[in-house]
Amino acid sequence: GRFGGFVSEGQFGNRRFSALLIEKLPFFAFAVISGLLTIAAHSQLNLMANMEELSAGSRLLISLHAYVGYLGNIFWPSKLAVFYPLHLEFPLTATVMASGLLVAVTLGAVYFARRAPWWLVGWLWFLGTLLPVIGILQVSGQAMADRWCYVPLIGVLPGAQSKRAEALGGVQRQRLLGAATSAKAV
């Protein structure tokens, strides 16, 4: 298949998937060690907010709204700023809508994984690569920073462009997909 026989043939539950996961364990270990060193350095410099300053619930709310904010900025880039101040209160309707959006996109990506595996991979890439900077461990007084979203958006843009190009066929589709993805990445 198009993805080396892994995704397109639905071999999620067999030895092949576990072998792919095991080979990535050193990368996960490196990421954990790097994260712990970063936390230690920020703590030593008194840059991290402690739990008395910012509760776990507040951190999760900030993270939830930041995920949606990053998506909003890529699909409708308005009100961009050098500094996005940290807000500690969010309207209930905005929180419910943000939660609903993230859950809906996640469920949609999982549901369509067999037909469009790039959606699931891209969405998980977006969620996972933003996780270290999303605000669960709050450093400084900002909610978001555009400089943190360049790598995460690598996952979202090809998936979005693929959906747009699905209506076209053959060579036309391939050209549009390649050109548009390259232009967005630049």
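All values below come from the heavy atoms of this structure, side chains included, with hydrogens, waters and symmetry mates left out. Here, residue 1 is the first one in the sequence, and each next residue gets the next number. All of these numbers come straight from a predicted model, not from anything done at the bench.
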Decide yes or no for [X] and [Y]: does some side-chain heavy atom of the first lie under 4.5 Å from some side-chain heavy atom of the second?
X      : Y      : answer
Ile134 : Tyr70  : yes
Leu102 : Trp123 : yes
Val105 : Leu71  : no
Ile62  : Leu54  : yes

May I have the step-by-step check of side chain to side chain contact (heavy atoms under 4.5 Å, CB included) for Leu131 and Ile136, ending in yes or no? CA-CA 8 Å; Leu131 189 61; Ile136 294 172; 4.0 Å; yes

Side-chain polar contacts of residues 86-98 - donor-acceptor pairs under 3.5 angstrom, sequence neighbours left out - could you list them?
{"unit_1": "Thr95", "atom_1": "OG1", "unit_2": "His65", "atom_2": "NE2", "d": "3.0"}
{"unit_1": "Thr95", "atom_1": "OG1", "unit_2": "Pro91", "atom_2": "O", "d": "3.2"}

Which heavy atom of Ser63 sits nearest a heavy atom of Gly135, and at what distance? OG-C, 3.6 Å

Shortest non-hydrogen contact between Ala109 and Leu120, atoms and distance: O-CB, 3.7 Å

Atom CD of Gln44 and atom NE2 of His42: how far apart are they, to the nearest 0.5 Å? 11.5 Å

Indicate every side-chain donor-acceptor pair of residues 24-41 with a distance under 3.5 Å to a residue at least two apart or in another chain.
{"unit_1": "Lys24", "atom_1": "NZ", "unit_2": "Leu20", "atom_2": "O", "d": "3.3"}
{"unit_1": "Thr38", "atom_1": "OG1", "unit_2": "Ser34", "atom_2": "O", "d": "2.9"}

Any side-chain to backbone donor/acceptor pair from Trp125 onto Val151? Under 3.5 Å, distance only. yes

In residues 73-85, what donor-acceptor pairs under 3.5 Å come from side-chain atoms, sequence neighbours left out?
{"unit_1": "Asn73", "atom_1": "ND2", "unit_2": "Tyr84", "atom_2": "OH", "d": "3.4"}
{"unit_1": "Tyr84", "atom_1": "OH", "unit_2": "Ala81", "atom_2": "N", "d": "3.2"}
{"unit_1": "Tyr84", "atom_1": "OH", "unit_2": "Asp146", "atom_2": "OD1", "d": "3.1"}
{"unit_1": "Tyr84", "atom_1": "OH", "unit_2": "Asp146", "atom_2": "OD2", "d": "3.0"}

